[in-house]
Amino acid sequence: MFVVRDKVIHMKDFYIKDARERVGEEVTIMGWVYRKRRHGKLIFVVARDSTGIIQLSVKKQNVDENGFAAARDADIEASIVAHGTVAEDERAPGGVEVRCDEFALVSPAPDFPIQEDTGTEALLDIRHLALRSTKTQKIMKIKSSVIQAARDYFDKHGFHEVFPPILMSVAGEGGSTLFPLEYFGQTAYLSQTAQLHLEAAIFSLENVYSLTPSFRAEKSRTRRHLTEFSHIEGEMAWCDEECNEKVEEGLVASICNAVGSRHADILEEFGQDAAYFRDMEPKFERITYDEAISIINAKGLPIEFGNDLGYEEEKVLTEDFEHPFFVKNFPKDIKAFYMKQKGDRAVCADLEAPAGYGEIIGGSQREDDYQLLVERLLKEGEEIDNYQWYLDLRKYGSVPHSGFGLGIERLVRWILKLEHIRDACLFPRTPSRIYP
RNA sequence: GCCGUCAUAGCUCAGUCGGUAGAGCGCCCGCCUGUUAAGCGGAUGGUCGCAGGUUCAAGUCCUGCUGACGGCGCCA
């Protein structure tokens, strides 16, 4: 409850998106000043809230003296409450405006530091204010729906959400760089994947997923990397790699369907075809690593068999695909120790987004044999003691199982074709930015 | 870790051959009753990233440093 000009207001009961259905009615707008144009005794205030923007026309003859002064003094991003009648008017942006009979300033916003031509760096320095932009607002709505759709999918398919630890004693994937931290006299690390702990959880819940931040201490300076990202990971007992890919494509297609049908307006504002997402089928093409190598070579980019696909290779490989697709059966030497192997190959698949937006999912069937895991850990120079708990999972009722990790920001970036992955993040963390 | 670019007003930038620091926008003041990131007039605004060097004179040339941005590698 708060008081504006002697009126007690208990809650907001009008959102700007509903203006068109409320033409002719009196409403109370609560929001922030988005734009302002003064014309002497007439002031146009464009207000925004979480749902949209609308023009408020404030005429001196229609409001009292304090109200007019408030409209005159309300700076960009000042918080305001206004009352008036919703009217159709083709002179107003969007064709609807509110003709105000009351206008009050809730809190001023002198010298808001963002204007039209503010550059990337300056915006990142004041991300806590820049996230008010309608662009960020829309991106975060998409991200929210992506996560909701993912949870819906898992729920419908018999998964349980679990909450693995973020504080870890050892690496999840050998070689990757970890953020160390002081933990009561010993060194702990921020999790770079929940996978190992999810593997433990399947012996209780069989099909599990988690949504956690993951951390990578690589000084990656690219449009595809963050040091902290939102990670959806799934792990399934009694599930081979084929089964794994079915879950992955089902999940991604179902997320795309949901976003396509719920947010056609936002997709189109970002230049995307809503129908493409709404109608996406959970049937993604599968190619092998060997086929990928041939395609890349055929396109004139030489790559030797046995090498991992770098960004240039991914870009060339993905440019002709319309939908996301799997690349399967990478040579075992370029993949992680925990993947099941078959001959010289890892039993794995990465899901690549089209048009060079990069890997969205990395997944594999996991090695379920105790001895083979011990051998690989030793070969990589790891301390077996650190992994004893993980090895125990193969000692007590081991089962074939598979799992995957999906990068939420990468998926959102691909859906909206965002320039940079940090645009898909409220407070992006990169090697050079941990503030604000 | 590697390669490259950049750093001048609150923001976006210009600054020629080394010769007293500029513009647009914003903020502030004034005018304006239908604007569409309005328009017109006025005013304000600077440790030229930091340190050193060359020179009568450095935003400009040289050296070092710092920071950010762009790209590679690593990955989701």
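Per chain, numbering begins at 1; letters A, B, ... match sequence-line order. This is a predicted model, so every value here is computed, not measured.
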Query raised in the report: When we call it a touch if two heavy atoms are under 4.0 Å apart, what does A/Lys60 touch: a base, just sugar-phosphate, or nothing?
Result: nothing
Requested in this report: Please confirm whether any donor atom in the side chain of A/Ser220 sits under 3.5 Å from an acceptor in the base of B/rC74, or the reverse.
Outcome: yes
**Report entry** Members of residues 117-152 of chain A that approach RNA chain B, where some heavy atom sits under 4.0 Å away
**Finding:** A/Asp117, A/Thr118, A/Gly119, A/Glu121, A/Ala122, A/Leu124
Report summary line: By nearest-nucleotide position on RNA chain B, the 5'-leaning member of A/Arg38 and A/Pro113 is A/Pro113
Query - Interface with RNA chain B, restricted to residues 410-426 of chain A and to heavy atoms under 4.0 Å - result: A/Arg410, A/His420, A/Ile421, A/Arg422
Query raised in the report: Roughly, in whole Å, what's the span from CZ in A/Arg99 to C1' in B/rU33?
Result: 13 Å
Requested in this report: Please say which of A/Pro431, A/Ser214, A/Ser432 ends up in a side-chain contact (heavy atoms from CB on, under 4.5 Å) with A/Thr227.
Outcome: A/Pro431
Requested in this report: Output yes when at least one side-chain N/O atom of A/Arg433 is less than 4.0 Å from OP1 or OP2 of B/rC69, else no.
Outcome: yes
**Report entry** Whole-Å gap separating P (B/rG34) and CD (A/Glu97)
**Finding:** 12 Å
Query raised in the report: A/Glu218 side chain: which of B/rC32, B/rU36, B/rG73 is closest?
Result: B/rG73
Query raised in the report: What about the rings of A/His231 and A/Phe229, do their centers lie closer together than 6.0 Å?
Result: yes
**Report entry** C1' spacing across the pair B/rC2 / B/rG19, given as an integer number of angstrom
**Finding:** 42 Å
Query raised in the report: Taking only N and O in the side chain of A/Arg223, is any of them less than 4.0 Å away from OP1 or OP2 of B/rG71?
Result: yes
**Report entry** Interatomic distance, A/Glu77 CD vs B/rA37 C1' [rounded to whole Å]
**Finding:** 13 Å
Query raised in the report: Quick check, are the ring centers of A/Tyr338 and A/Tyr387 under 6.0 angstrom apart?
Result: no
Report summary line: Per salt bridge (Lys or Arg N to Asp or Glu O under 4.0 Å), A/Arg286 is matched among A/Glu249, A/Glu242, A/Glu248 by A/Glu249
Query raised in the report: Are any of A/Ser432's side-chain N or O atoms less than 4.0 Å away from OP1 or OP2 of B/rG67?
Result: no
Query raised in the report: According to a strict under-4.0 Å criterion, is A/Arg35 in side-chain N/O contact with OP1 or OP2 of B/rA37?
Result: no
Report task. Check every atom of B/rC27, B/rC74, B/rG34 against the side chain of A/Ser57 and return the nucleotide holding the closest atom. Result -> B/rG34
Query raised in the report: With a non-hydrogen cut-off below 4.0 angstrom, is A/Glu116 in contact with a base, only sugar-phosphate, or nothing?
Result: base
Query - Stems where RNA chain B pairs, listed by first number, each of three or more Watson-Crick or G-U pairs under 3.5 Å - result: B:1-7 with B:66-72, B:10-13 with B:22-25, B:28-31 with B:39-42, B:49-53 with B:61-65
Query raised in the report: If you take atom types as modelled and just measure distance, does the side chain of A/Lys59 reach the base of B/rG34 with a donor-acceptor pair under 3.5 Å?
Result: yes
Query - Spacing of the P atoms in B/rU44 and B/rC62 (rounded, Å) - result: 36 Å
Query - A/Arg221 side-chain N/O to B/rC69 phosphate OP1/OP2 under 4.0 Å - result: yes
Query raised in the report: At what distance, to the nearest 0.5 angstrom, does CD1 of A/Ile408 lie from CD1 of A/Ile421?
Result: 10.5 Å
Query raised in the report: Could you give the CD1-to-C1' distance, from A/Ile114 to B/rC11, as a whole number of Å?
Result: 10 Å
Query - Nucleotide nearest A/Asp308 when distance is taken to its side chain, options B/rG26, B/rC75, B/rU35 - result: B/rC75
Query - Phosphate OP1/OP2 of B/rC72: any A/Arg224 side-chain N/O under 4.0 Å - result: yes
Identify every side-chain donor-acceptor pair in residues 205-213 of chain A under 3.5 Å, counting partners at least two apart or on other chains, and give the distances.
| residue | atom | partner | partner atom | Å |
| --- | --- | --- | --- | --- |
| A/Glu206 | OE2 | A/Trp238 | NE1 | 2.8 |
| A/Tyr209 | OH | A/Glu161 | OE1 | 3.2 |

Query raised in the report: Looking only at atom C1', what distance separates B/rG52 and B/rA58, rounded to whole Å?
Result: 13 Å
Report summary line: Whole-Å distance, A/Glu312 CD to B/rG71 C1', equals 9 Å
Report task. Under 4.0 Å from any atom of RNA chain B, heavy atoms only: list the residues of residues 282-293 of chain A that qualify, in numerical order. Result -> none
Report task. Would you kindly compare A/Gly94 and A/Phe112 by the position of their nearest RNA chain B nucleotide and give the one closer to the 5′ end? Result -> A/Phe112
Requested in this report: Determine the interatomic distance between P on B/rG10 and the same-named atom on B/rG49; round to the nearest Å.
Outcome: 13 Å
Query raised in the report: In whole angstroms, how far is the P atom of B/rU33 from the CG atom of A/Leu56?
Result: 19 Å
Report task. Using the C1' atoms only, state how far B/rG26 lies from B/rC11, rounded to an integer number of Å. Result -> 7 Å
Query raised in the report: Base, sugar-phosphate alone, or nothing: which one does A/Gln55 contact when heavy atoms must sit under 4.0 Å apart?
Result: base
Requested in this report: Establish whether the base of B/rU12 is bridged to the side chain of A/Gln115 by a donor-acceptor pair shorter than 3.5 Å.
Outcome: no
Query - RNA chain B contacts made by residues 39-52 of chain A, counting heavy atoms under 4.0 Å - result: A/His39, A/Gly40, A/Lys41, A/Leu42, A/Phe44
Query - Rounded distance (Å) that lies between atom P of B/rC27 and atom CG of A/Asp111 - result: 8 Å
